[in-house]
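Written out below as structure tokens is the structure these notes cover.
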Amino acid sequence: MAFNHHNSVCQLGYIGFGVSDQDAWDDYLTQILGLQSNGDNGQGTRYYRMDENHHRVITVPDEKDDICLIGWEVLNDQVMENVIQRLEAGGVAVHRGSEEECNAKQVSGLAQFVEPNGIASEIYYGPVVRPEVPFNSPRGISGFNAGLQGMGHIVLAVDDYDTTLHFYRDLLGMGLSDYLDFEMMPGFRAFVAFLHCNPREHSLAFAQAPAPKRLLHFMVEATTLDEVGATYDLCLDKAIPISMTLGRHTNDYMLSFYSSTPSGFDVEFGAGARTLDPETWTVQRHNSVSIWGHRRPA
Ligand SMILES: [Fe+2]
């Protein structure tokens with residue numbers, strides 16, 4: 001059965017990071033990546049915009065320096081009810097958000113649960129959007145490719161591949177885009193699954209791998225290749241470690257580079273990806289991460 005957004009999550013709406021140095025993150029998100037600060041809740045949670053939505057990235061104080069929240073959008077209250085029922089039938093404890101919890105996330109409805117790798121997660125519908133206050137990047141990024149494709153994508157290191165696939169595909173309802181089977185390091189073969197929930201080629205990817213953090217990287221997509229180049233230059237100028245040089249991926253055709261964030265995991269900054277049609281997409285398998293580039297600097 002093909003992915004159907006009337007019965008599943010429809011975008012990676014927002015992600016939260018638990019970070020030990022929120023000020024360093026504030027600088028990084030706004031001055032390097034070009035997101036727009038959108039204030040805080042008075043209790044340590046800070047919000048950042050990438051488009052007309054109230055927030056796409058959240059930071060909270062936490063020594064773990066890892067992803068601490070995954071927010072998945074659904075079309076409306078009826079879809080949310082369907083997904084809740086599937087989660088509960090699958091043995092997942094779901095907490096229905098109170099009015100106060102919905103207000104804190106600026107959404108109309110919310111349900112919270114923990115995904116199989118221990119990451120706090122939620123599904124929501126009806127987020128506050130403010131087209132009357134256009135996105136305005138503090139470093140002049142013209143905009144991000146977010147909107148209906150969501151904030152970007154995340155790549156996780158998971159405990160068990162099959163359990164995680166079952167959760168995201170069969171309970172949240174995402175569609176499989178492709179597999180990547182490659183030698184990540186000498187002697188270690190990684191098997192990565194990539195999943196979609198809208199035309200973005202993948203909103204989530206995961207591999208069963210021993211890693212110090214759950215989040216391997218997150219990706220944001222600018223609207224022009226020149227802004228990827230300019231951001232690459234900015235990282236070089238500010239001596240921000242480049243983890244992977246410019247390159248183009250085999251699955252989503254993203255032209256991107258990877259740099260290190262203040263929490264140690266990477267951010268992929270890209271543009272120019274292809275999209276897929278969830279109705280007609282057939283699963284692919286890749287043996288290489290990139291068509292060209294994405295080299296580890298010496
Ligand atoms: Fe990526």
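Note that this is a predicted model, so its numbers are computed, not measured. Both counts, for ligands and for their atoms, begin at 1 and track the order of listing. Values below: every heavy atom of this structure, side chains too, minus hydrogens, waters and symmetry copies.
Under the 4.5 Å side-chain heavy-atom criterion for ILVMFWY residues, no single connected hydrophobic cluster contains both L110 and V74.
Within the 2.8 Å limit, D252 places no N, O or S atom next to the Fe ion (ligand 1). Among the atoms of H202, no N, O or S atom is found under 2.8 Å from the Fe ion (ligand 1). For residue H217, an N/O/S atom approaches the Fe ion (ligand 1) to within less than 2.8 Å.
Residues R96 and E81 are paired through a salt bridge, judged by an N-O separation under 4.0 Å between the basic side chain and the carboxylate. Salt-bridge formation is not detected for the pair D162/R169: no Lys NZ or Arg NE/NH1/NH2 atom is positioned less than 4.0 Å from an Asp or Glu carboxylate oxygen.
Ring geometry, W25 versus F265: the interplanar angle falls from 30° to 60°, so the pair is classed tilted.
Atoms NE2 of H153 and OE1 of E268, as seen from the Fe ion (ligand 1), are separated by an angle of 100°, to the nearest 10°.
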